[in-house]
Visitor: 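Provided herewith is a single structure, encoded as structure tokens, for subsequent inquiry.
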Amino acid sequence: QVQLVESGGGLVQAGGSLRLSCAASGNIVYTSDMRWFRQAPGNQREWVATISRSGNIHYTESVQGRFTISRDTPKNIVYLQMNDLKPEDTAIYYCKMNIRTSPQPTFDEFWGRGIQVTVFA
């Protein structure tokens with residue numbers, strides 16, 4: 001049993017900042033890639049950022065330069081620092097992790113429940 005829980009969302013004025021956290025708990029043997037996605041009302045869920053266990057990072061173009069993804073691997077946490085927020089960043093943000101839950105050399109994908117981020121002008 002693995003559970004991912006996001007925190008740190010909320011309501012913020014345009015130009016402000018928020019820091020999202022996603023903590024995984026349960027039968028975690030090893031964590032691999034950690035990712036953030038978001039889904040705005042009426043939109044498809046889109047990928048936002050990825051960080052590998054070795055620290056390789058990729059962002060979607062719309063957040064590059066404003067968002068920073070990081071991780072605390074021993075604590076099974078991924079963060080998303082969001083600066084210079086814009087109304088178009090309003091969405092439910094989801095974290096996703098590839099996690100090994102047994103000695104078998106395979107990974108399963110786990111999703112968080114999502115957390116609301118609302119940016120007002």
Side-chain angles (χ1 to χ4, degrees):
Q1 185 182 36
V2 172
Q3 184 178 17
L4 275 58
V5 179
E6 300 95 338
S7 61
L11 185 67
V12 65
Q13 189 171 7
S17 298
L18 286 174
R19 188 197 193 201
L20 302 183
S21 300
C22 174
S25 61
N27 188 25
I28 300 169
V29 175
Y30 197 84
T31 58
S32 186
D33 292 353
M34 298 180 177
R35 311 177 197 271
W36 286 98
F37 293 77
R38 66 186 182 185
Q39 187 168 16
N43 289 9
Q44 293 273 54
R45 186 173 299 186
E46 67 169 336
W47 164 78
V48 175
T50 297
I51 182 168
S52 73
R53 186 177 178 91
S54 63
N56 294 325
I57 292 172
H58 301 276
Y59 301 99
T60 191
E61 184 178 352
S62 63
V63 309
Q64 199 153 240
R66 299 187 298 120
F67 290 11
T68 302
I69 188 171
S70 61
R71 63 189 288 164
D72 187 337
T73 299
K75 294 183 178 179
N76 304 312
I77 298 174
V78 61
Y79 302 97
L80 187 67
Q81 177 67 46
M82 305 185 294
N83 297 327
D84 191 25
L85 283 162
K86 307 175 185 297
E88 50 263 43
D89 295 318
T90 294
I92 299 174
Y93 283 72
Y94 301 87
C95 62
K96 179 185 179 182
M97 299 186 189
N98 292 352
I99 298 174
R100 185 183 298 163
T101 60
S102 76
Q104 296 183 6
T106 58
F107 290 90
D108 295 318
E109 295 183 346
F110 297 91
W111 287 86
R113 62 192 177 190
I115 191 165
Q116 180 69 47
V117 171
T118 302
V119 185
F120 63 93

Visitor: Are Ile57 and Val78 co-members of a hydrophobic cluster defined by side-chain heavy atoms under 4.5 Å apart?
Guide: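 The answer is yes; both residues are in one hydrophobic cluster.
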
Visitor: Looking at every non-hydrogen atom in both residues, tell me the closest pair between Leu4 and Ala24 and how far apart they are.
Guide: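 Distance-wise, the nearest heavy atoms are CD1-CB, 3.7 Å.
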
Visitor: If only atom types and distance count, is the side chain of Glu6 paired as donor or acceptor with the main-chain N or O of Cys95 below 3.5 Å?
Guide: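 Here the side-chain-to-backbone pair exists.
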
Visitor: Report whether Val63 and Met82 are members of the same hydrophobic cluster (ILVMFWY, side-chain heavy atoms less than 4.5 Å apart, transitive linking).
Guide: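 They do share one cluster, since a chain of ILVMFWY contacts under 4.5 Å joins Val63 to Met82.
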
Visitor: For residues 103-116, which side-chain N or O atoms pair as donor and acceptor with protein atoms under 3.5 Å away, sequence neighbours left out?
Guide:
unit_1 : atom_1 : unit_2 : atom_2 : d
Glu109 : OE1    : Lys96  : NZ     : 3.3
Gln116 : NE2    : Ala91  : O      : 3.4
Gln116 : NE2    : Thr118 : OG1    : 3.2

Visitor: Tell me whether Val5 is reachable from Ile99 by hopping between hydrophobic residues (I, L, V, M, F, W, Y) whose side-chain heavy atoms are closer than 4.5 Å.
Guide: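 Result: no, two separate clusters.
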
Visitor: Hey, could you give me the OG1/CZ distance between Thr90 and Arg38, rounded to the nearest 0.5 Å?
Guide: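 Taking OG1 in Thr90 and CZ in Arg38, the distance rounds to 9.0 Å.
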
Visitor: What heavy-atom pair brings Ser17 and Asn83 nearest, and what distance separates the two atoms?
Guide: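 Shortest heavy-atom separation between Ser17 and Asn83 comes out as OG-OD1, 2.9 Å.
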
Visitor: Could you state whether Met97 and Phe67 fall into the same hydrophobic cluster, counting links through intermediate Ile, Leu, Val, Met, Phe, Trp or Tyr residues with side-chain heavy atoms under 4.5 angstrom apart?
Guide: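 Yes, same cluster.
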
Visitor: Nearest 0.5 angstrom please: Asn76 CG to Met34 CE, how far?
Guide: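 Rounded to the nearest 0.5 Å, the CG-CE separation comes to 6.0 Å.
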
Visitor: Without swapping roles, check the side chain of Tyr59 against the backbone of Ile69 for a donor-acceptor pair under 3.5 Å.
Guide: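 Yes; judged by distance alone, with no hydrogens or angles, the pair exists.
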
Visitor: Return yes if some donor-acceptor pair links the side-chain N/O of Arg35 with the main-chain N/O of Asn98 below 3.5 Å, else return no.
Guide: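 Looks like no, no N/O pair under 3.5 Å.
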
Visitor: Would you say Cys22 and Tyr93 make side-chain contact, with heavy atoms under 4.5 Å?
Guide: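 A side-chain contact under 4.5 Å is absent here.
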
Visitor: Hey, mind stepping through Glu46 and Phe37 against side chain to side chain contact (heavy atoms under 4.5 Å, CB included) and telling me if it holds?
Guide: CA-CA 6 Å; Glu46 67 169 336; Phe37 293 77; over 6 Å; no

Visitor: Does Leu18 share a hydrophobic cluster with Tyr94, counting links as ILVMFWY side-chain heavy atoms below 4.5 Å and allowing steps through other members?
Guide: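 Cluster IDs for Leu18 and Tyr94 differ.
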
Visitor: Please check: side-chain N/O of Arg53 versus main-chain N/O of Thr31, any donor-acceptor pairing under 3.5 Å?
Guide: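 Judged by distance alone, yes, a pair lies under 3.5 Å.
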
Visitor: With a cut-off of under 6.0 Å to the ring centre and 45° to the axis, is Arg100 in cation-pi contact with Tyr30?
Guide: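 Verdict for Tyr30: a cation-pi partner in Arg100.
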
Visitor: Measure the spacing between OG of Ser54 and CG of Asp33 and express it to the nearest 0.5 Å.
Guide: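 Rounded to the nearest 0.5 Å, the OG-CG separation comes out at 8.0 Å.
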
Visitor: Could you give the distance from OH (Tyr79) to CD1 (Ile51), rounded to the nearest 0.5 Å?
Guide: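 One finds 11.5 Å between OH of Tyr79 and CD1 of Ile51.
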
Visitor: When rounded to the nearest 0.5 angstrom, what is the spacing between CG in Leu20 and OG in Ser7?
Guide: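 So the CG of Leu20 and the OG of Ser7 are separated by 8.0 Å.
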
Visitor: Kindly compute the distance separating CD (Gln81) from OG (Ser21), expressed to the nearest 0.5 Å.
Guide: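 Here the rounded value is 9.5 Å.
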
